[in-house]
Protein chains: 2
Amino acid sequence: METGKLQHPDSGDERRERKRRQILAVAREIFLRDGYAGASMSEISACVGGSKGTLYAYFASKSELFRAVLEDSLTRHEAEVSGTIAGGGAPGEVLRAFSERFLEVLLRPENLALIRLVYAEAGRFPEVGQAFYDSGPANAEQHLADYIRGAVEQGYLRADTDPLLAARQMILLSQGWIHNRRLWNVTPAPSEAEIRENAHAAVRTFLAAFGA
Amino acid sequence: METGKLQHPDSGDERRERKRRQILAVAREIFLRDGYAGASMSEISACVGGSKGTLYAYFASKSELFRAVLEDSLTRHEAEVSGTIAGGGAPGEVLRAFSERFLEVLLRPENLALIRLVYAEAGRFPEVGQAFYDSGPANAEQHLADYIRGAVEQGYLRADTDPLLAARQMILLSQGWIHNRRLWNVTPAPSEAEIRENAHAAVRTFLAAFGA
DNA sequence: CCGAAACCGTACCATACCGTACGGTCGAGA
DNA sequence: TCTCGACCGTACGGTATGGTACGGTTTCGG
């Protein structure tokens, strides 16, 4: 009743939602490309096709649009990385899979741009950094620590392992030097082989420190 | 002759150089606070005291000022970190000193702001990232790798250690989770004890992987 | 088929930006 | 004391910004 009939492919709410997503997609692209201060509402509305009045009918201000773009972008890769450790099992292969996937996700151009943007704005807008941390690194950290705790209990890892510390070190090693060099834009995108190599090295060091 | 007499405390060139440094200091502060797009030449000139015309007599454009600020900022901590590994010696204490100093330098508010700024602009201005990398991380990486190579030859570390890989992993572990959380602005400045703890954990993991 | 709501195009406001220009002032060197 | 260059204060030009207003048009539910 309040949402209209399903027969029609273009009910009001659906239409509005579609437009909203379209605006978010365009705005996301421009924010990631130019940064918060560098992006322009006029350009966004021009790129999205409609008028600026319409844009302001969907989002009350630039900062609110920015917030919505971030919120939308952050909920994308929640499960993708954590999925690699959901099953449990022996650390060697699980951690290798995690490390590879983790770095591969971090290195996608869209995510590099997002990470740059968050770093840039976190100083002035603490809630940006907080939102990013909560919906990304905090999850990875927690899930990995849980897995490690289980692996310790099963005797795969040393009994005196601090799961949280081990998880954080594993994440740092997985992220690797490549990630920094990509953020600094001083090296082209690495091959899959390099990513695998990094994961291999990370796991080797991790297991040397925490393996049973 | 070409630089004027030393008797007078205020020769022309000296005066110019002083003003230049003053401008750089103020501009640095504002760029680090507001980012490149967010900073304003008018505010900089107002903060520095003089007129905008004078500002443009020293730096031809905003981008050139930005470049000069970066160049000036990057040459500060060259030796401070590398000094901790200059002497050589057994890895345990040397690496601990390196790790502590490294993280402590990274966590200084001015450097956090600089790192944020570089991350933010490296995507659009590759030369910014390159300059930063060359004058900072590349040096640390190289010096640490050299030290590790020496330690391997002296039998302190495993013979099959890849010095460059080991150096990079050591840097990643030293930088630690704290550094990221500070960049994301989700945690207050850590105590010295936390920094020492991080260094301790980094060295422990490193030696487990590469110790002889 | 009607009426209302959403949307478009465009013009507009106030502000801020970068960069320039210009007349006045001050201090140093001759 | 005179000259000259650097500096100051200020104002300005041209452009772009975030955000608003408004009349005309399309779209959709009833």
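Just the heavy atoms: all of them, side chains too, but no hydrogens, waters or symmetry mates, feed the values below.
Using a 4.5 Å heavy-atom cutoff, the side chains of A/V69 and A/F59 are not in contact. Side-chain contact between B/R149 and B/T161: absent, with no pair of heavy atoms (C-beta onward) separated by less than 4.5 Å.
Tested against A/V26 for a side-chain contact (heavy atoms from CB on, under 4.5 Å), the candidates A/I23, A/L24, A/I30 yield a single pass: A/I30.
A/F59 comes within contact range of no nucleotide atom at all, as no heavy-atom separation falls under 4.0 Å.
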#### Entry: B/S/- contact track for nucleotides 12-26 of chain C, protein heavy atom under 4.0 Å
-----SBBB------
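The CD atom of A/E64 sits 10 Å away from the P atom of D/dG19 (whole-angstrom rounding). One interatomic measurement links the two molecules: CG of A/L55 to C1' of D/dT17, which rounds to 14 Å at whole-angstrom precision. Summarising the geometry, the separation between CZ on B/R20 and C1' on D/dA6 is reported as 17 Å, rounded to the nearest angstrom.
Checking B/Y56 against B/E64 by side-chain atom types alone, no donor-acceptor pair falls below 3.5 Å.
Using cut-offs of 30° and 60° for the angle between ring planes, the A/F125 and A/Y36 rings count as perpendicular.
The shortest distance between the side-chain N/O atoms of A/Y58 and the OP1/OP2 oxygens of C/dA6 is not below 4.0 Å. Within the 4.0 Å cut-off from OP1 or OP2 of C/dC8, at least one side-chain nitrogen or oxygen of A/K19 is found.
Electrostatic pairing of B/R33 and B/E110 does not count as a salt bridge here, judged by no charged N lying under 4.0 Å from a carboxylate O.
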